[in-house]
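Quantities reported herein were computed from a predicted structural model and do not represent experimental measurements. Chain A is the first sequence line, chain B the second, and so forth, proteins listed ahead of strands; every chain is numbered from 1.
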Amino acid sequence: MKEYIQNLLTGIVSSLKNENILSADTQIRIMVENTKDKAHGDFASNIAMMLARPMKKNPREIAELLISRIPANDKISRVEIAGPGFINFFANKAFIENQVNDMLKDPLLGVRPLRTPETVVIDYSSPNVAKEMAVHHIRSTVIGDAVVRILEFLGNRVIRANHIGDWGTQFGMLIACLEKKEEEHASSLELSDLEAFYREAKKYYDEDPQFAEKARKYVVKLQSGDEYCREMWQKLVKITMDQNQEIYRRLNISLTEKDVMGESLYNPMLKPLVDDLISRNLAKEDQGAIVVYLDNFKDKDGNPRGVIVRKSDGGFLYTTTDIACTKYRVEHFGANRIIVFADSRQHEHLLMAWDIAKMAGYLPENVLTEHGSFGMMLGKDGKPFKTRSGGTVKLKEFLDEAENRAATLMSDRNNNLSPEEKSKVIHTVAMGAVKYADLSKNRTTDYIFDWDNMLTFDGNTAPYLQYAYSRVQSIFRKTDAIPGKISISAPEEEDLLLKFTKFNEVVNSAAEKAMPHLLCTYLYELAGLFMKFYESCPITKQEVPDNIKTSRLAISECTAKILKTGLGLLGIETLERM
RNA sequence: GCACCCUUAGCUCAGGUGGAUAGAGCAACCGCCUUCUAAGCGGUCGGUCAAAGGUUCGAGUCCUUUAGGGUGCGCCA
């Protein structure tokens, strides 16, 4: 609809140019927007105001001219000039009805896949090996996974890249500690508490010189590909990722073992990469280290900023890894777009790594690199979100608390659910609420996390959306009638239908910007309009005529389909009853 | 010192490429359940969009400056 109006206006403008009413070299951007106020119609354009200057005429006069050239059509019922020269378009009800009737038959609900699908690498979650996932990993994991689903829905080839922290000097002591534990408990190796294991390793390393010596030896052996050390290291990776996989399962995150592409993957590429930079004079030696100087970044004296890609001891840094990683994603996957979901502190680092990759020709200009940046999670007091004792909140315990709180809220409700259903509801509502709390926010700044705000089930929350869905399902349980052809019989219905037709636009826009909150806002508004419809338009009651009943059932069905699909794109499940 | 990000109602947040009277939820107060799930709906209250300039028909949005907050700045990741 919006595109139709846009094309219409584009055609009129070019005909004005052909007739020399408008100078041919006039460049204007034709904008059609959704109106905020019903009095302004359904769509509006400011084109007459934009043409006022080049045509040297009053905007309202221009608007008249444009309107007189709109051909007869079945999509627009009425056009008005308003205010300083806005053109307001009113959609034809019958056209909207048809569009929604078609949507209901379409598995994609009117969403049109991209004309040219892209290969998109999405780097997200990225937990560390030998550590438990902490609450701060939730942002990257949840937002990244939603963007994955949205882009796939639109037909893109999406590569999930779980860039785990599986490399570094700490692995020497971890291997030595694992070995020690295996010797002590040969049969049953218990490593459920990775934090304790890490602390233990550190303690031995600090207090036992023999252990420390062995640890240092193991680092070197691991890096030179020693089979025993590699095996032990792989064991650590597996133990960690098995635990993380359990978290992913609980949170309904689509990552699998196959998506693990840790830092170690790029290890063999580092030396050739730095050699390449040196041989092409892009990197220079300085005080024993190999440095790349970037004109786009200044150091404290205003000179090009130096980034070390190889230490004076020959070791590599994480910038080197990220350059190699970018190169790999372009060469190996043929990425058109790379999105890294990492916290905002990494912003400058990522820009520098990409700058170097571009400079070296590893990253072509037409490949988009984006930082899906976000801030820290703060408590209600505005300080970093911590446990009462000031420690890091483990993600597992955080999810446990979400379920406990959801269970408490559930216990106040009077419903007839079986114990199995009840626990399913608690789980689904809790995980939905936790994920939605992250997904519905746009800010790249830090954000305040508040249990009460998230689990009150009011306002823009997942439970509200889930409730709207299960409300529809309950209608269908109460009637034998089946949805029929939609025909608008109340203003609440018209508002809802118009909202339906914007699903396509919203999904595409969320994909383009890698911002799931746009979809959240839409679904919340959709659910709100449905609630209003539900309050004021009886559906299955006796006095409702059959044609209206079946139409309203179809409207309910369409709401449910969009809610289920939309929440599915966010990785949030729906419930038939709650 | 240099750079990047941020500042919207008492609180938590929305406000695509500049558009018409800046929107929700919470909190506070007032209504609506013999009627499809009240985990809902309606209403009232609440704002110098951090401040000052500039660009233009028009600025929360773009530019400059200032204040306040956050983050990052060569051999950790």
Judged by whether its glycosidic angle lies within 90° of 0, B/C11 is anti
Look at the side-chain N and O atoms of A/Arg53 and state whether any lies under 4.0 Å from the OP1 or OP2 oxygen of B/C57.
yes
Between B/G40, B/A77, B/U37, which nucleotide gets closest to the side-chain atoms of A/Arg477?
B/U37
A/Asn46 side chain N/O closer than 4.0 Å to the phosphate oxygens (OP1, OP2) of B/A20?
no
How would you label the contact of A/Glu512 with the nucleic acid (heavy atoms, under 4.0 Å): base, sugar-phosphate, or nothing?
nothing
Take atom C1' in B/A27 and the same atom in B/U65, then report the distance between them in whole Å.
38 Å
Using OP1 and OP2 only, check whether a side-chain N or O of A/Tyr534 sits under 4.0 Å from B/G42.
no
Is there any protein nitrogen or oxygen under 3.5 Å from a nitrogen or oxygen in nucleotides 70-72 of chain B, and what are the pairs?
{"from": "B/G72", "atom 1": "O2'", "to": "A/Glu348", "atom 2": "OE1", "distance (Å)": "3.3"}

Quick test of your reading: applying salt bridge (Lys or Arg N to Asp or Glu O under 4.0 Å), list the pairs with at least one residue in residues 527-545 of chain A, sequence neighbours left out, ordered by first then second residue.
A/Arg471-A/Glu535
Once you apply a heavy-atom cut-off of 4.0 Å, does A/Met49 come out as touching a base, just sugar-phosphate, or nothing?
base
Whether A/Lys532 contacts B/G42 is assessed here as follows: a side-chain N or O lying under 4.0 Å from the phosphate OP1 or OP2. Is that the case?
yes
Quick one: label A/Phe533 by what it contacts on the DNA or RNA (base, sugar-phosphate, nothing), any heavy atom closer than 4.0 Å.
nothing
Which whole number of Å gives the distance between the P atom of B/A20 and that of B/G58?
14 Å
